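Since the structure comes first, as structure tokens, the remarks are kept for the end.
Keep in mind that what you see is a predicted model, and the values were worked out from it rather than measured.
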Amino acid sequence: MKKILILTLLFWGFAVADDFRFSSEYLEYDVYWKFLNLGKIRVLTRIEGDSVYSWIQVKSNPYIFFVNVDYAFESKFHKDVLFDATLSVYETKNGVPLKTIFERDREYLVARQVDVRNGELRGEKSIVYPDRYYHGITAFFAARKLCGTGVMVYLPILFATEEKVEFPPFVVRVEKVKFDFSVQREDVRINSFDSEVRTIKFSGYAPFVSKELAGISGEFTGWLSDDWARVPIKATFNTFLGVVRLELSKWEKNGWTPPLKTK
């Protein structure tokens, strides 16, 4: 398994932005390194009553030879209880389609990797079950809830990382990541809009390294729409290539239009 970033957040009862509202949406992001388009991140979310189904795909540009990434993340959870949600991760390695399922087994959080073609178990790792962990998809929504609250926190991040001397060749670890959910408002410009977009800015620092397209290392910054939807508009973070930039390029979300700066 290549190094996979499986973000998880621990919710300590912080204040939550009371104007954020869940709704079904499709969001698409272009990923840039300097002037090169490295690929896309697609986020599909469907609301069914109080349940949230979300799917995220990270796929590199096939014309960029030095980046080869194709992952999908899938989860379903209650919109008011983002922690303890199961997670499935899909990838293809050496032509073999793999699915890794993260779920609770008594007092452990277990990652089981299976061959999608026949269900054969390819590997398994476990750690003592964390207290109220968040994974990559639920972290996406937790950040939208906390953005603009003015809190600065250190949140445990659960991720699976490649380890060739191990069998299976990955380990599951938890690291603390700094998040600063400031109240700073900022107008930003991206390629999809002729006008600047009104946003709320947050920042942070990750002590670990991931070489995936959406992986982060060190400092990162995000800008979310300054409205009830808290849609991520732009983000920057460090990778093995250097600073990478994400920009919202397409969206489908009923009742939402980007809050453009008024002239």
Taking the side chain as C-beta and beyond, is there a heavy-atom pair between [X] and [Y] under 4.5 Å?
X: Lys125; Y: Gln113; result: no
X: Asp70; Y: Gln57; result: yes
X: Lys40; Y: Lys59; result: no
X: Asp84; Y: Tyr133; result: yes
X: Lys261; Y: Ser195; result: no
X: Asn191; Y: Asp30; result: no
X: Leu260; Y: Val197; result: yes
X: Leu224; Y: Thr199; result: no

More than 12 heavy atoms from other groups under 6.0 Å of [atom1] on [X]:
X: Lys253; atom1: NZ; value: yes
X: Asp80; atom1: CG; value: yes
X: Tyr108; atom1: OH; value: no

Is there a donor-acceptor pair under 3.5 Å between the side chain of [X] and the backbone N or O of [Y]?
X: Asn61; Y: Asn37; value: yes
X: Arg144; Y: Arg230; value: yes
X: Ser88; Y: Ile101; value: no
X: Thr138; Y: Phe83; value: no
X: Ser54; Y: Ser75; value: no
X: Ser192; Y: Lys250; value: no
X: Arg198; Y: Arg185; value: no
X: Asn94; Y: Val96; value: no

- [ ] Assess whether side chain to side chain contact (heavy atoms under 4.5 Å, CB included) is satisfied between Cys147 and Phe20, documenting all intermediate values.
- [x] CA-CA 9 Å; Cys147 187; Phe20 172 76; over 6 Å; no
For Asp227 and Ser225 the tightest heavy-atom approach is OD1-OG, 2.7 Å
In terms of heavy-atom contacts, Phe140 and Pro232 come closest through CE1-CG, 3.5 Å
What about [X] and [Y], same hydrophobic cluster or not, with Ile/Leu/Val/Met/Phe/Trp/Tyr joined at side-chain heavy-atom distances under 4.5 Å?
X: Leu44; Y: Trp256; result: no
X: Leu246; Y: Trp55; result: no
X: Tyr29; Y: Ile64; result: yes
X: Ile200; Y: Trp251; result: no
X: Val110; Y: Leu121; result: no

So CD1 of Ile56 and OG1 of Thr45: to nearest 0.5 Å the spacing works out to 7.0 Å
In this structure, OG of Ser51 is separated from NE2 of His78 (nearest 0.5 Å) by 6.5 Å
Could you go through Phe73 and Val43, starting from their C-alpha distance and side-chain angles, then the distance that decides it, and tell me whether this counts as side chain to side chain contact (heavy atoms under 4.5 Å, CB included)?
CA-CA 9 Å; Phe73 305 81; Val43 184; over 6 Å; no
Q | Between Tyr205 and Tyr154, ring centroids under 6.0 Å | A | no
Between Phe220 and Phe202, how do the two ring planes meet: parallel, tilted or perpendicular, split at 30° and 60°? perpendicular
### Query
Mind checking whether Phe77 and Phe22 have parallel, tilted or perpendicular rings, split at 30° and 60°?
perpendicular
Check: Asp180/Ser182 side-chain N/O donor and acceptor closer than 3.5 Å
no
- Residue pair Glu48 / Tyr53, side-chain donor-acceptor N/O under 3.5 Å: no
- [ ] Decide yes or no on side chain to side chain contact (heavy atoms under 4.5 Å, CB included) for Arg112 and Glu103, but give the supporting numbers first.
- [x] CA-CA 9 Å; Arg112 294 186 177 92; Glu103 58 187 355; 3.6 Å; yes
Here the salt bridge (charged side-chain N to carboxylate O under 4.0 Å, His left out) pairs for residues 235-246, sequence neighbours left out, are Arg245-Glu247
- Query: Below 4.0 angstrom, N of the basic side chain to O of the carboxylate: do Glu91 and Arg122 qualify?
  - Reply: no
request  = Test the Arg104-Tyr129 pair against the cation-pi criterion, namely NZ or CZ under 6.0 angstrom from the six-membered ring centroid and within 45° of the ring axis.
outcome  = yes
The side-chain hydrogen bond (donor to acceptor under 3.5 Å, both in side chains) partners of Asp115 (sequence neighbours excluded) come to Arg117
